[in-house]
Amino acid sequence: VARALILVDIQNDFMPGGPLAVPAGDEVVPIVNQLTERFEVVVATQDYHPRGHGSFASMHPGRAAFEVAELDGLAQVLWPDHCVASTPGAELVSGLDTSRVAAVFQKGTDPNVDSYSGFFDNGRRKGTGLDVWLRERGVTEVFIVGVATDYCVLATARDARSLGFSTTVVLDACRGVDLASGDVARAIEEMRQMGVRIALAQEVDSESLGD
Ligand SMILES: [Zn+2]
């Protein structure tokens with residue numbers, strides 16, 4: 001059985017103290033470090049924006065962070081500047097054990113479209129290469145961890161399902177933003193309805209859960 005663990009955006013700027021901190025986001029790190037040992041294939045995604053990315057509120061005069069605006073025809077939540085390429089904030093968290101990470105897939109590199117999913121940008125115009133990479137290695141089952149539950153974890157799980165992967169989100173190895181109260185709960189419900197399995201880290205052993 002070929003299964004992969006996908007680490008979503010476990011980066012400095014999303015940790016407490018960062019400009020786009022996910023509450024308690026750092027709590028996922030030790031849980032993820034233990035999980036990586038149970039997988040033969042581990043990959044990571046990395047939010048990686050050019051300076052002046054169109055998702056940054058700073059690029060929308062008169063608009064504030066967390067308002068919804070439009071970017072190249074798509075509704076876009078405006079974010080504080082974060083994960084700018086080649087800055088420390090964009091790096092994977094130093095406490096994360098990356099020794100078993102075989103590949104890192106960058107997203108959000110196009111200034112005109114945001115990318116929550118590790119597979120495609122938000123307009124589904126371009127892929128990151130993750131789908132092809134996994135298929136070339138015979139991966140049919142993915143486990144997803146990281147931040148944020150209600151944005152990039154949700155979008156990655158949604159695309160994984162639509163691409164036909166058996167998909168599990170390891171809930172205690174994820175943290176959410178909950179910009180609007182209930183967003184995380186709604187994300188979990190949406191994932192369940194798509195056929196995503198919601199599990200806890202202790203339930204993930206070294207063998208496939210099957211489907
Ligand atoms: Zn971003």
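Shown here is Arg51, whose CZ atom has no more than 12 heavy atoms of other residues, nucleotides or ligands within 6.0 Å. Around atom CD of Gln202, no more than 12 heavy atoms belonging to other residues, nucleotides or ligands sit under 6.0 Å away.
Ring orientation note: the planes of Phe14 and His82 are tilted relative to one another, at an angle of 30° to 60°.
Tested against Leu7 for a side chain to side chain contact (heavy atoms under 4.5 Å, CB included), the candidates Val43, Val32, Val104 yield a single pass: Val32. For the pairing with Tyr116, the side chain to side chain contact (heavy atoms under 4.5 Å, CB included) check across Val77, Thr45, Asp121, Asp9 returns one residue only, Val77. The side chain to side chain donor-acceptor pair (under 3.5 Å) test with Glu189 is passed by exactly one of Arg192, Gln193, Arg186: Gln193.
Ala157 and Val169 make their closest contact through CB-CG2, 3.9 Å (heavy atoms, listed as atom of the first residue, atom of the second, distance). In terms of heavy atoms, Val113 sits closest to Gly123 at CG2-N, 3.9 Å. Cys83 and Asp13 make their closest contact through N-OD2, 2.7 Å (heavy atoms, listed as atom of the first residue, atom of the second, distance). Between Phe105 and Thr128 the shortest heavy-atom distance is CD2-O, 3.6 Å.
Judged by distance alone, the side chain of Arg137 and the main-chain N or O of Val132 form no donor-acceptor pair under 3.5 Å. Between the side chain of Asp150 and the backbone N or O of Val177 there is at least one donor-acceptor pair closer than 3.5 Å. The backbone N or O of Leu78 lies less than 3.5 Å from no partner atom in the side chain of Ser55, so there is not a single donor-acceptor pair.
With respect to the salt-bridge test (charged N to carboxylate O, under 4.0 angstrom), the residues Asp47 and Lys107 qualify. For Arg125 and Asp110, the salt-bridge test fails: no basic side-chain N is under 4.0 Å from an acidic carboxylate O. With respect to the salt-bridge test (charged N to carboxylate O, under 4.0 angstrom), the residues Arg3 and Glu40 do not qualify.
With a 6.0 Å cutoff to the six-membered ring centre and a 45° limit on the axis angle, Arg135 does not count as a cation-pi contact of Trp133.
Within the structure, side chain to side chain donor-acceptor pair (under 3.5 Å) contacts touching residues 27-36 (residues at least two apart or in different chains) are Glu27-Arg175.
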I would like to know whether Arg158 and Met194 meet side-chain contact (heavy atoms from CB on, under 4.5 Å); could you show each step before the answer? CA-CA 7 Å; Arg158 188 191 282 138; Met194 286 184 294; 3.5 Å; yes

